[in-house]
Amino acid sequence: MGQYVFLDDAIVPWDQGRVHVASAAFKFGTAVFEGIRGYWNADDQEMYLFRMEEHMDRLAFSQHFMRYSEILTPEFIRDKTVELIHANGFKGESLHIMTTAYVKDEGGPGARGPVGLAITAQERPRSPRIESGVSAQISSWMRIPDQAMPMRVKCNANYNNGRLATVQAVDDGYDTAILMNAKGKISEGPGMCFFMVRNGQPIAPSTTNDILESITRETVLTLLDEMGCPAIERDVDRSELFAADEAFFCGTAWEVTPITSIDRQAIGKGGVGPITKALQERYFDVCHGITGAHPEWRLPVYGTGSAKANAAE
Ligand code: PMP
């Protein structure tokens, strides 16, 4: 773990990263957050924050939507994140960063501010699940609908919906869950978006299916286009999953993780499908800056990024 965290206005030792039990954030989950990855490139001796600008914009949207009394700006949060990585001196391993804008007030659920900022960064090597894939259970828990708690907003309180699905799936012997929405259509995983491939055609549930407007999902749509294999976005029925040749989850934390079975039925041959595999390779090349493509998606933390990583292919 990192030696330091950022809390409110200062970088402090990890153990001092504490929030008051009377805060609205603690009592009611009045907080919005982003999970962000930093990808290490050994050749460049550089840490690239992946799609930082988009994460910062979404965090600003979440604060606006929750009607915070003050909005912490994208520039402020970006600068504090870079300072925290410098303070910890992270080099050699990729990172997972959690950035939370939370309501400190000790009042009721209508509290709007003052707004605090908490940033943690921890080393996180690639998960073995990227190669092995995961088993998923179609959850009997329904994805919370937009009329109740919009998943489009990355509010901490929303995450108890995915938690219920996850703990049920794990207790039932699966790795994770797929949630359906109130329309009975496939929505997403607890903290990641869903794609399937049917007859060579990638398909993603559209953004009006009670999903987070995921930055990785948008990255994947772009990369699939560039690979000559564009995806379509539409409603997906439960029964279609069992006609899929391939399926995968995507998200900042989940990256591109193959789904090898759903409800114990193998997807395709039960391994990692060819489109998923090619996409994974492209995705990691872009995240780490191994290819020069999409330099606009990588923010170099140490400022040493090579010309290759900063120039289009
Ligand atoms: N859905 C949910 C519910 C999530 O929490 C996440 C993780 N932020 C995702 C999807 C993937 O979103 P992103 O690619 O922006 O990380």
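All ligand and atom numbering here is 1-based and tracks the order in the structure. The figures that follow rest on heavy atoms only: side chains count, while hydrogens, waters and symmetry mates do not. Here, residue 1 is the first one in the sequence, and each next residue gets the next number.
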Review point. Just checking, is any N or O donor in the side chain of Q122 or H96 under 3.5 Å from an acceptor N or O on the other one?
Key: no
Practice item. Could you tell me whether some N/O pair between R58 and ligand 1 is separated by less than 3.5 angstrom? Key: yes
Review point. Are R112 and E70 ion-paired here, with the side-chain N under 4.0 Å from a carboxylate O?
Key: no
Revision key, fill the gap. For M151, the atoms of ligand 1 under 4.0 Å from one of its heavy atoms are 3 (C)
Check your understanding: Does at least one non-hydrogen atom of R143 fall below 4.0 angstrom from an atom of ligand 1?
Key -> yes
Review point. How about K91 and Y302: does a side-chain donor come under 3.5 Å of a side-chain acceptor?
Key: no
Review point. Does a side chain donor of either S206 or N209 reach within less than 3.5 Å of an acceptor in the other side chain?
Key: yes
Check your understanding: Are Q3 and N88 close enough that a side-chain donor and a side-chain acceptor fall under 3.5 Å?
Key -> no
Check your understanding: For ligand 1, which atoms, with element, lie under 4.0 Å from some heavy atom of C193?
Key -> 10 (C)
Revision key, fill the gap. The protein heavy atom nearest to atom 16 (O) of ligand 1 is T252 OG1, 2.5 Å
Exercise for review: Scan side-chain atoms only and decide if T99 and E34 contain a donor-acceptor pair under the 3.5 Å cut-off.
Suggested key: no
Review point. Polar-atom distance check: H55 versus ligand 1, any N or O pair below 3.5 Å?
Key: no
Point to revise | Side chains of H294 and E296, donor plus acceptor under 3.5 Å | key: yes
Review point. Of G251, G189, G162, G191, which has the heavy atom at the shortest distance from atom 6 (C) of ligand 1?
Key: G191
Check your understanding: What protein heavy atom sits nearest atom 14 (O) of ligand 1, and how far off is it?
Key -> T216 OG1, 2.5 Å
Review point. Have S135 and R264 got a donor and an acceptor in their side chains that come within less than 3.5 Å?
Key: no
Practice item. Measure the distance from atom 8 (N) of ligand 1 to every protein heavy atom, then report the residue, atom name and distance (to 0.1 Å) of the closest one. Key: K154 NZ, 2.8 Å
Review point. Does the cation-pi check pass for R126 over F284, that is, NZ or CZ under 6.0 Å from the six-membered ring centre and within 45° of its axis?
Key: yes
Check your understanding: When you measure from atom 5 (O) of ligand 1 to every protein heavy atom, which one gives the shortest distance, and what is it?
Key -> Y159 OH, 2.5 Å
**Study point:** N/O separation below 3.5 Å, I215 to ligand 1
**Key:** yes
Review point. For ligand 1, is there an atom lying under 4.0 Å from some heavy atom of G35?
Key: no
Exercise for review: May I ask you to identify the nearest protein heavy atom to atom 1 (N) of ligand 1, giving residue, atom name and distance to one decimal place in Å?
Suggested key: E188 OE1, 2.7 Å
Review point. P190: heavy atom below 4.0 Å from ligand 1, yes or no?
Key: yes
Practice item. Using distance alone, determine whether S214 and ligand 1 share an N or O pair under 3.5 Å. Key: yes
